[in-house]
Q: 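One structure coming up, written as C-alpha cells, with questions to follow.
We name chains A, B, ... by the order of the sequence lines, and we start the count at 1 in each one. On a predicted model such as this, the values are computed, not experimentally measured, just so you know.
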There are 2 protein chains.
Amino acid sequence: MNAQFKKGVLEMCVLVLLGERDRYGYELVQDISHRFEISEGSIYPLLRRLRDEGSVVTYLQESAEGPARKYYSLTEKGGIVRDDLVAEWQEFAAAVNGLVKGEKHAEG
Amino acid sequence: MNAQFKKGVLEMCVLVLLGERDRYGYELVQDISHRFEISEGSIYPLLRRLRDEGSVVTYLQESAEGPARKYYSLTEKGGIVRDDLVAEWQEFAAAVNGLVKGEKHAEG
DNA sequence: TCGAGGTATCTTGCATTGCAAGATAGTGAA
DNA sequence: TTCACTATCTTGCAATGCAAGATACCTCGA
C-alpha cells in the first residue's frame with residue numbers, strides 16, 4: 001500500500017473513529033488495519049500530536065488482558081477539525097476521481 | 001487545500017493525464033489546477049523524477065507564445081506504474097469512504 | 001520456572017513529497 | 001522600457017508515515 005496516499009488521511013480517520021466512541025491506541029491500530037495497512041509507529045506519534053493540539057483528551061483505564069489502556073476522547077475542537085478534514089477529503093477525492101475517469105471539469 | 005492529501009496522488013494524476021496525450025509542464029500545472037490547487041514547485045521536480053525513473057520521456061518543441069516547451073510522453077513502464085497507482089488509489093479511497101461513512105468493513 | 005505470544009505504549013531517525021520563494025528567459029502589448 | 005503572460009528550473013523547508021527497537025503486563029503451556 002502506497003504510504004504517500006495515507007498522509008493526512010490517517011489523521012482524519014482517527015478523528016472520525018473517535019467521534020463514534022472513545023478508543024485506545026492499540027484498538028485504533030486494529031480497527032484501521034481492517035480497512036487498510038497501518039503501523040503503530042504512525043498512530044502513536046499522531047495521537048500525541050492530536051492531544052497537543054487539543055483535538056483529543058486522554059484517560060487511563062485498567063485492563064485484565066494486559067497493561068493499562070490510554071483512551072482517547074474527541075473534544076469539541078477535534079470535532080470541528082474532523083468535519084473540516086472530511087469536507088476537504090470528499091471534495092479532493094471527487095476531483096481526483098473526475099480526473100482519473102477523464103471527465104470534463106465543471107469549474108475554471 | 002490540505003497539502004498532505006496530495007502526496008502520491010499528484011504523481012498518479014500526472015501519469016493519467018500523460019496517458020491521454022503528451023503535455024508540457026506548464027500545461028499540466030494548469031490542467032490539474034482546474035481540479036485542485038497545485039503549484040509549479042511541485043510539478044517540475046516530480047516530472048524530473050518521473051523521467052529519471054523511466055516513466056516518461058521528453059522532447060522540446062518551439063512555441064510562438066513564449067520559450068520552448070518541454071513535452072512529456074508516457075512510456076510503457078509509465079503506463080504500468082499509472083495502472084498500479086490508480087488501482088491502489090481506488091481501493092484506498094473506497095476503504096476511507098467506508099470508514100468515514102461508518103460502514104462495517106467486509107474483510108478481516 | 002521459563003519462554004512464547006498477545007496486549008499495550010512509546011521513541012528515534014529516516015524517506016518521501018508538496019510547497020514557497022526565487023532565478024532565468026522568451027514574447028508581445030501598453 | 002515596463003509589464004504581464006508564458007515557460008522552465010532549483011533550493012531548502014515542513015509535514016507525516018514507517019521501520020525498528022525498547023519497555024512492560026498478562027496468560028498459557030512445556
Q: Indicate, with a heavy-atom threshold strictly under 4.0 Å, whether B:Gly41 touches base, sugar-phosphate, or nothing.
A: base
Q: Determine: side-chain N/O of B:Ser42 to OP1/OP2 of C:dC19, distance under 4.0 Å, yes or no.
A: yes
Q: Return the 5'-most residue of the pair A:Asn2, A:Ser63 with respect to DNA chain C, ranking by each residue's nearest nucleotide.
A: A:Ser63
Q: Starting from the 5' end of DNA chain D, give me the residue, B:Glu40 or A:Ala3, whose nearest nucleotide shows up first.
A: B:Glu40
Q: A:Glu11 pairs by side chain to side chain contact (heavy atoms under 4.5 Å, CB included) with which of A:Val81, A:Val16, A:Leu47?
A: A:Val81
Q: In whole angstrom, what separates B:Leu60's CG from D:dT8's C1'?
A: 10 Å
Q: Tell me the interatomic distance from B:Leu46, atom CG, to C:dC19, atom P, rounded to whole angstroms.
A: 11 Å
Q: Is the shortest side-chain heavy-atom distance between A:Val96 and B:Phe5 below 4.5 Å?
A: no
Q: Any base atoms under 4.0 Å from A:Leu10, or only sugar-phosphate, or nothing? Heavy atoms, all strands.
A: sugar-phosphate
Q: Measure the distance from CD1 on A:Ile43 to P on C:dT12 and round it to the nearest whole Å.
A: 19 Å
Q: Of all the nucleotides listed (C:dC19, D:dT16, C:dT16), which has the minimum atom distance to the side chain of B:Gln4?
A: D:dT16
Q: Starting from P on C:dT7, measure out to CZ on A:Arg69 and report it in whole angstrom.
A: 10 Å
Q: Under 4.0 Å, heavy atoms only, any strand: does A:Ile38 hit a base, just the sugar-phosphate, or nothing?
A: sugar-phosphate
Q: If you check every side-chain atom of A:Glu65, which of C:dG26, D:dT16, C:dT7 has the closest atom?
A: C:dT7
Q: Using only side-chain N and O atoms of A:Arg49, determine if any of them is under 4.0 Å from OP1 or OP2 of D:dT16.
A: yes
Q: Between D:dA7 atom P and B:Gln61 atom CD, what is the distance in whole Å?
A: 11 Å
Q: Base, sugar-phosphate, or nothing: which does B:Phe92 touch, judged by heavy atoms less than 4.0 Å apart?
A: nothing
Q: On DNA chain C, check which nucleotide each of A:Lys7 and A:Arg48 is closest to and give me the residue with the more 5' one.
A: A:Arg48
Q: Which of these passes side chain to side chain contact (heavy atoms under 4.5 Å, CB included) with B:Arg51: B:Arg48, B:Arg49, B:Glu53?
A: B:Arg48
Q: Between P on D:dT11 and OH on B:Tyr44, what's the gap in Å once rounded to a whole number?
A: 16 Å
Q: Report the distance from atom CZ of B:Arg23 to atom P of D:dT8, rounded to the nearest whole Å.
A: 13 Å
Q: OP1 or OP2 of C:dA8 sitting under 4.0 Å from any side-chain N/O of A:Tyr24?
A: yes
Q: Roughly how far, to the nearest 0.5 Å, is OH of A:Tyr72 from CG of A:Leu17?
A: 14.5 Å
Q: Hey, does A:Phe36 reach any base, or is it just sugar-phosphate, or nothing, if we go heavy atoms under 4.0 Å?
A: nothing
Q: With a cut-off of 6.0 Å (strictly less than), are more than 12 heavy atoms of other residues, nucleotides or ligands near CD of B:Glu76?
A: no
Q: With rounding to the nearest 0.5 angstrom, report the CG to CH2 distance, B:Asn97 to A:Trp89.
A: 6.5 Å
Q: Could you tell me the separation between the OH atom of B:Tyr26 and the C1' atom of D:dC5, rounded to a whole number of Å?
A: 6 Å
